[in-house]
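All remarks here apply to the structure that follows.
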Amino acid sequence: MDRTDLTPALCRQVCFVDKSIVVKNWSGVISCVWTAIVFALGAGILQAQEAPKVCSPDKPLADSRLGPIKTLDDYHPFYPPENLEEWEKRSERVRRQMLVALGLWPMPTRTPQRAVIHGKVDRDEYTVERVYLESFPGHFVTGNLYRPKGGPAKKPGVLCPHGHWANGRFYDAGDAGLKRELENGWEKLPCCGRYPLQARCVHLARMGCVVFHYDMVGYADSIQIPHRPGMRAHMNTPENWGYFSPQAELHLQNMMGLQTWNSIRVLDWFTSLPDVDPNRIGITGASGGGTQTFILCALDPRPLVAFPAVMVSTAMQGGCTCENACYLRIGTSNVEFAALFAPKALGMTSANDWTKEMPTKGFPELQRLYQLYDATDRVYLAAFLDHPHNYNYHSRLVMYRWMNKHLGLGLPEPIDERPFRPLSREEMTVWTDDHPKPPSGEDYERSLLRWITEDSRRQIEELIPQSAEGLAPFRKVIGGAVDVMIGRGLPPANEVDFEQRFERRGEGFLWVGGIVRQTKYREEVPVYVLVPRGVPFNGTAILCVTPNGKQDLVSQTGSPHEQVLEIVRKGYGVVAVDVFGQGESTLDGQPITRNRLDPKRKEYAGYTYGYNHPLFAQRVHDILTVLAALRARPEVARVYLVGLGDGGRWAAAALAQASSAVDRAVIDTAGFRFRQLSAIDDPDFLPGAVKYLDLPGMLALAAPVPLLIWSEQESDLAVVRAVYEAAGAREKLVISSAASFEEFGNEALRFLLVP
């Protein structure tokens, strides 16, 4: 095989790295063909010289992505919709984004919970029992069940997740903490001030509600996995990995997803209790428990009333790893998550913490949304701006009134707290001699993730269609997930424009350089465009994506490769792009070779990719932008997409997102798989990609676009073949068996340059 002559028509200069093909100088990318430009320019001969630049000192690249990355500490506004139709469309997208981010798309298998209730403590007006149940096989959610005595057979139920208070459910403020609370007037009664988490549950039970107070992962009796285990080198392995590892993220396995699934399974069990009315369910928590509250209420339709305290905010979005996940808040925020509960009853508090601006930033927008439902009486904010971060007496009183009103308790107001006898830790803990602690530690953690991985794999493989009827479910789940991972589809024409920066004329061709803009996001894509002169443009534009960007179009003499010009002179248009991080699409002229991570929080991928698109996705965005620019031109009848080397994987993802905009495609995968990645800052790192069938899953979404694939074995593309066959497009999929670059190049030309 000749490593310096890839093919006369497509490329030159290649080398081999780890058995993957890396192309140093690919020849040709077609884009932006404007007939007006072609007819406006005269003839001339392009002289050999240095390749011209699109950007210059007086016109540098003005791309928003070159600025600082977004973090959880930035401003995260919510923009309410103009009407309910717009909101229904938006809310579907945000919920899907949340589910994908949390590893719940599709939902894990609901296995038997085998709930155990024991150790009843009688407190006259109510009882308290110890509970443990399985959210996954062998993984336990633990807590205390408060039941009022007397009353109707079916009672309202309230779930109480706690926040990051020390020891969680076992929290004891201590003598010093109690003294501070009482002296500042933040608490009224000593028992409530010392045990505020218990106080909430006791008084809801006294109000006639069944209450379940359950543990966050790693708190109190939840002892199987630490709350923040973090990245550990020995848990970062291709098999049997742990949380926070690249493999866990490539499968979208995160602590926030685990806690959310725990809440969903708790709700499954709680609503099945004989004394709980499943139609009158409330949930309230503060801080991290507030996060759990609005996340559960956004995703599960069963709660009727929500009261997330001191957490809904346009400022800090949650500082713990249990509150962050890759993709979760890209383009959205906690205020919008809370808004997904509309028009049901949503009460909140703010304090002198990151929620202090809610009265003017966030809550007015929630009111406008609720106004669309004519339900402004069902959204409320109590601002205690002279109080620190809390769920204290004053906040609890507001919550009691909210639950009383919207759960229909019918109690006379004002409702106040009364002294109670706190439970000791020994009375609360679920683990006893008769109920021993379950397995824990890193071996257990690995076994849990193995089960989750296998369950997900089985569900997703069952979606691979065997007939046309199976296409819709496959596209909904796999396509829906890829849509979240990439984050955008084809932009509308009114969000794309083109600015010409130079033009050069040659024999039979015109060479134009310019910027394609995505105006909504303030992104710029440098492009080279070659269009025919002297022969009619045949309406076909060929967009090529290559490892080194548009420079791959140019020979060492500074002129376009003659082989590319041969294609142009046949009437085709060719466009080359610098996707983000290539060529002129950089700040300092140096290629971007790693993802930038949150500088304060590099230890967890969710802190970066929970707020920013990965570099892989940003590069796909640029391809989509140029595709949209081409499709916006009436003279462009057909668009062909070619992805070579590294560009093959980016082009495959763009094809998955915008197959309707592409008439033919050639993809050289270079044998790439996301599962090969071992670092969260790898330039191709794309959380979730392995879970959703890796690169073949993206290629399968191209059906029924005519597609030629190279650098693959037929057996490795079974899912692609299955989807094309189900779509009735078997003959449109060609898996090249070419043994050399020259053979593949000739095959690609025959595939593309069809009569």
Taking NZ, NE, NH1 and NH2 as the nitrogens, is one of them in [X] or [Y] under 4.0 Å from a carboxylate oxygen of the other?
X: Glu187; Y: Arg194; value: no
X: Arg65; Y: Asp622; value: yes
X: Asp681; Y: Arg596; value: no
X: Arg90; Y: Glu86; value: no
X: Asp300; Y: Arg95; value: no

Taking [Y]'s backbone N and O only, do any of them form a donor-acceptor pair with [X]'s side chain (distance below 3.5 Å, no angle check)?
X: His213; Y: Val211; result: no
X: Ser222; Y: Tyr219; result: no
X: Gln518; Y: Lys520; result: yes
X: Tyr607; Y: Pro599; result: no

Are a donor atom and an acceptor atom from the side chains of [X] and [Y] found within less than 3.5 Å of each other?
X: Gln317; Y: Ser333; answer: no
X: Thr291; Y: Glu323; answer: yes
X: Tyr391; Y: Thr284; answer: yes
X: Ser585; Y: Asp63; answer: no

Quiz item: Does Arg232 CZ have over 12 foreign heavy atoms under 6.0 Å away?
Solution: yes
Self-check item: Met316 side chain reached by Asn334 side chain, heavy atoms, under 4.5 Å
Solution: no
Quiz item: Are any non-hydrogen side-chain atoms of Met348 and Leu366 less than 4.5 angstrom apart?
Solution: yes
Quiz item: Would His76 and Tyr611 count as a close aromatic pair, with their ring centres under 6.0 Å?
Solution: yes
Quiz item: What about the rings of Phe685 and Phe674, do their centers lie closer together than 6.0 Å?
Solution: no
Residues which pass side-chain contact (heavy atoms from CB on, under 4.5 Å) with [X], listed by chain and number, not counting sequence neighbours:
X: Thr429; result: Arg130, Phe170, Asp221, Trp431
X: Thr519; result: Glu495, Asp497, Arg517
X: Ser263; result: Tyr214, Gln292, Leu296

Please tabulate, for side-chain N and O atoms in residues 160-167, each donor-acceptor pair with protein atoms closer than 3.5 Å (sequence neighbours left out).
| residue | atom | partner | partner atom | Å |
| --- | --- | --- | --- | --- |
| His162 | NE2 | Met216 | N | 3.1 |
| His164 | NE2 | His227 | NE2 | 3.2 |

Practice problem: Please determine if Arg368 forms a cation-pi arrangement with Phe363, meaning its NZ or CZ atom is less than 6.0 Å from the six-membered ring centre and no more than 45° off the ring axis. | Solution: no
Can you give the donor-acceptor pairs under 3.5 Å from side chains of residues 354-362 to other protein atoms, not counting sequence neighbours?
| residue | atom | partner | partner atom | Å |
| --- | --- | --- | --- | --- |
| Thr355 | OG1 | Ala351 | N | 2.9 |
| Thr355 | OG1 | Asp353 | OD1 | 2.4 |
| Thr360 | OG1 | Glu357 | O | 3.3 |

Exercise. Would you check, one step at a time, whether the test side chain to side chain contact (heavy atoms under 4.5 Å, CB included) holds for Phe140 with Ile223?
Key: CA-CA 9 Å; Phe140 294 94; Ile223 47 85; over 6 Å; no
Practice problem: Dump the intermediate steps for side chain to side chain donor-acceptor pair (under 3.5 Å) on His234 and Glu442, then the final yes or no. | Solution: CA-CA 10 Å; His234 61 282; Glu442 291 181 343; 2.8 Å; yes
For residues 244-252, tabulate all N or O donor-acceptor pairs below 3.5 Å that involve a side-chain atom, not counting sequence neighbours.
| residue | atom | partner | partner atom | Å |
| --- | --- | --- | --- | --- |
| Ser245 | OG | Gly242 | O | 2.8 |
| Ser245 | OG | Ala248 | N | 3.1 |
| Gln247 | NE2 | Arg675 | O | 3.0 |
| His251 | ND1 | Gln247 | O | 2.8 |

